[in-house]
Each structure stands twice: as C-alpha cells, then as structure tokens.
Amino acid sequence: MERQITCINCPVGCRLQVTIENGQVTRVEGHGCKRGETYAHQECIAPARMVTAAVPVADRNIPVSVKTRTPIPKEKIFACMKQLAVLSLKAPVYMGDVVLSDVCDTGVDVIATKTVE
Amino acid sequence: MLSNELKQQVQYVDVLVIGAGPAGMAAAIAAREAGVENLLVLEREEHMGGILRQCIHNGFGLHRFKEELTGPEYAQRDIDKVQELGIEVRCGTTVLSVDEHRFVTAISKEKGVQLFEAGAVVLAMGCRERPRGALGTPGSRCAGVYSAGTAQKFVNLEGYMPGKRVVILGSGDIGLIMARRMTLQGAKVLACVEIMPYSGGLNRNIVQCLEDYDIPLLLSHTVVDIEGKDRLSGITIAEVDEKRNPIPGTEQHFDCDTLLLSVGLIPENELTQQAGVELSPATQGAVVDDNLQTSKEGIFACGNVLHVHDLVDFVSAESFRAGKAAAAYVQGKKRQGRFVEMKDGNGVRGVVPQRLMIPEGETEPVQVMFRPAAVYENATVVLTAGGKEIMRQRKRIFTPGEMAELTLKPEAIRQIESDTVTVDILA
C-alpha cells in the first residue's frame, strides 16, 4: 500500500511517500532528514501526539499550561483531555512539576510548562 | 525643545530595546554579550515573553534548541538568560514616542513619564492581528466574533472558553492552532474557511490541528453573512471565484455561536513611523540593511515588527544579529562599503534585507528571507545582479505559508557589481 503523508517534525513539512507491506513500512521517499523517515514509520504504524492544555489552579485566576512529556498514542488524546479536565491543582505549580503521572496508562507524565505561584 | 528641568530627567542608555517578546529578549541578550553594559528593555505588558506566553502548544525551538518546546518554555529560556545577565527590563512600561535622534518617551504606573536618549534603539514591538473591520464582511455586529489570538488568550491565559460551536475564518497558524485548542477543550469546530486556494498556515498545523480532528478546510471560500442579535447565531459562507468574489448559489449556512478570525498579522509600526523610518509596502515593516539597521542610523528592527515570521526560532536568530549590530554601532565599529538594493522579482514578496552592504574588508554570509507569492513546486530561486546570476537554489516546494530563507555566501556577495540584486522564483 502507498500512503502520502506530510511530515510534521518541523515546519518544512516534507511530503513523504510511504510504502507499507504487511503492516511494515518498507520504503520512505521525500524526506529531507532522518526524522522524516522515523516519523513515517511511526505515523503509519503507531501515530502519536504531544497533548498540551490549560488546566485550572484552585484559588488562582490563571490556569497553568501543561504538556505530555512525550507524545502519546493518537487515539488517547481525548481520554487524556478528560483526565486533565477533572484534575484539581493547588498553587504553587512550578514549571516541570508532574501534574498527572502515567496519563491513561501510557506511561507518560503530564508536566507543567509554566509556573503559577 | 525640552525645558532645562526636563533635560535633567533624561536618562542616557547605550542600547534601548522596545519590547520583551522573543525578539526583544534575544536582541538584549546579544547586546549584553557583545559588551553593552548600559542596556534597557521596555515592555508594555506586565510580563516578559510576548505572544509566546499564550502559545501553550508545542513545536517551538526545534532549530535553536534541537528540541520541541511549548511557547512558555521557549520564552522561559530567554527570560532566564536575561535575568542571569542582569539585564534591566521595565515591564508595564509603554513607549509613547521615538524620534529619529533616538529620543524616547515612555510611561508606566510606577514611574510616570520617562525620558531616554539612546545610543541605539532596537525596535522589537511584534505584530498584531488583522481585525474584522479590515475585512468588510457584511452582517450583524453581534458578540461572538473574535480574532483567533484573542480567543487564544481567553482560553490559555485566562481560562475562559469563548464559545461552543465554532467556525474559523482564515487558515493562518493561530486559527489552525485554535481549531485544535477549541476542540480539545470541548467545543465543536465546524469548519475552517479560507478565501485563498491554499492555506496560509504551516503544513504541520494543517495535519495536526485540522486533519487529526476531521475539521474540514474549505479553500476558496469566505464568510458572506454574520447573523445574530446579541450573540452570534449563525454564519453563511460561499465559494469564491479567482477574483475572490462570492459565487451565487454556492452558499452554505452554519449554526454557530463563535466566529474566529485568523486573517493575517500586521507589524506594529506606529513608533517606527514616528521615527521617520522608511517602511516597505511588501512587508509592512521597516526597510533594513543586512545589519537590520533601518533608514535611520542607530535604529534597528527585528522579529515580527520587521516582517511577520512563521517560526520563533528565526525571530530569535534575526534578533541576535540585530542586538549584536546595535552593540557594534554604539561601540563605534563602523562598516565601510557600498550599498546595493535587494528587489522582489517574480514570485517573491518582501525580501529582507532590502539593502545589502558590499563591505570593503571581510565579507560575512547574509541571511535573506522572503515570502513566496504563490505555491511553486520543484522551483528554483535565483539571485541576479546586473544580468549576472550570483546564486541559485532549488527547493521542492515554495508556499506563501512558509517563509523562504537562504544564505548568501561571501563569494556570491563579492560577485555583485551592479546597484541592485533581484530575487526571482523560476518555476
């Protein structure tokens, strides 16, 4: 099977032609760097995304921004957002703090990307 | 003329940077690292970081830090550096005027009016969004129409959702990012409507913000009616022809409570104009040389106030050069040479720098940036000086959504004998 995907590793957005045979990526063309090749394998076999969000902090007027430390499986994005929506955080939250560990059994922690004191 | 009393209040600063977003911070860091002690940064907002503060998504820093950061994390690295270097930053301070002699007035709640005389000024005020009024879209003046960046501020910095059923007009990056943000935070995004036959946003954003969530991107479409009494209740869109006029009979209606506009960014150059700096109609920013110096000596410009970038990494890189050049200027390191004009040719819009110095001594490589006027696949950018080709570079794709960048090498610069260099894209 041939699949055309756009590499998202950097804003160049290389157009990749990916050949998939028996659930395996057998050929990648059109990538400008090695990350594109890695991405083609991942995107066609196990797509993953970083998730970022703004989460309320109790008694503070401003939410704290958070991210998954690494990308999580694409199909778990909404489940992840659901867990974040019911999170109750207390100030202070510091950049880099783990606000939720092992989100949706992905083994990935959600960490704060700013400080709310 | 200033009274004697006022004259005594004037503070002399070697390098004065206006704006503490990514551009201003990078310029200040570079100036300090080049040895400028008497350095001051003025920032209108209460915090450093500029627009990055509300860009909580990831994707920043791949070029500069070789890792993927969110906006607040990217900003924090510069904030930490600014603080480590002991650079004075006055937040909550709005600059009211700059003149060609680099006399600057500013105002803040704490200190009132402040007067400065600067050895060099770096303009780093960033850009702002094109508002609804600039579009001439007909319809009701109801609530529920926001610029995408305003909505981004509400959601990410203040914790409010501006609506539940959303249509996005324009496919600029902020609009695409907000399509995903609104979806993740629980809203339904019905469509992203783009008047041009291509998106103005980055590829990765089209993939990760629209395609991932099955949000349709309707190219060559625009909003033709906005309905609602107090609050927006619906909009009508239509397909447009090559002249961007709506085609009768192609109308579609959407029930929605929110319309987000992502229809372009405009460099914020009111202060630049006051200083009498020449502006470029193509970039809507200052005309600069390869040192980022404007038409007024000692006034430099960098980042989105100079030309709207796609990537903060490139803003930082450009601003480091501006800060370094401003430092060299106040330290009296003058360059000798002759200037040539850089001109937009076929398929090219807004070449920066617009002036290039051919120095007498050692020649440094020069970064040249421009925006392609349309989509060109497998095309070549060619630089010509007086009929002589000095450089060519092939690229698989040029699109208006992605700023093109190339490095003009010293051996190419030394070949220039004419007064102008033209940049063309040859399909």
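The sequence lines fix the lettering, A, B, ..., with proteins before strands; numbering per chain opens at 1. When reading the values below, keep in mind they use all heavy atoms of this one structure, side chains included, and skip hydrogens, waters and symmetry mates.
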Undergrad: Got more than 12 heavy atoms from elsewhere within 6.0 Å of CZ, B:Arg77?
TA: yes

Undergrad: Under 4.5 Å from any heavy atom of chain A, what part of B:Asn58 do you find: side chain, backbone, both or neither?
TA: both

Undergrad: Using a heavy-atom cutoff of under 4.5 Å, enumerate the residues of residues 45-55 of chain A that contact chain B, numbered in order, or state 'none'.
TA: A:Arg49, A:Met50, A:Thr52, A:Ala53, A:Ala54

Undergrad: Look at atom CZ of B:Phe65 and say whether more than 12 heavy atoms of other residues, nucleotides or ligands are closer to it than 6.0 Å.
TA: yes

Undergrad: Please determine, among B:Val207, B:Asn156, B:Leu184, the option with the most heavy-atom pairs under 4.5 Å with chain A.
TA: B:Leu184

Undergrad: If the condition is ring pair (Phe, Tyr, Trp, His ring centres under 6.0 Å), which residues does B:Phe314 pass it with, not counting sequence neighbours?
TA: B:His63

Undergrad: Please check if the number of heavy atoms outside A:Asp59 that lie under 6.0 Å from its CG is greater than 12.
TA: no

Undergrad: Under a 4.5 Å cutoff for heavy-atom pairs, which residue among B:Gly159, B:Pro72, B:Gly71, B:Gly186 has the most contacts with chain A?
TA: B:Pro72

Undergrad: With chain B as the partner chain, list the residues of residues 60-79 of chain A whose heavy atoms fall under 4.5 Å from it, by residue number, and write 'none' if nothing qualifies.
TA: A:Asn61, A:Ile62, A:Pro63, A:Ser65, A:Lys67, A:Lys74, A:Ile77, A:Phe78

Undergrad: Do any of residues 93-117 of chain A have a heavy atom less than 4.5 Å from a heavy atom of chain B, and if so, which, in residue order?
TA: A:Met95, A:Thr113, A:Lys114

Undergrad: B:Glu158 versus chain A, heavy atoms under 4.5 Å apart: side chain, backbone, both or neither?
TA: backbone

Undergrad: Go through the atoms of B:Arg180 and report whether side chain, backbone, both or neither lie under 4.5 Å from a heavy atom of chain A.
TA: neither

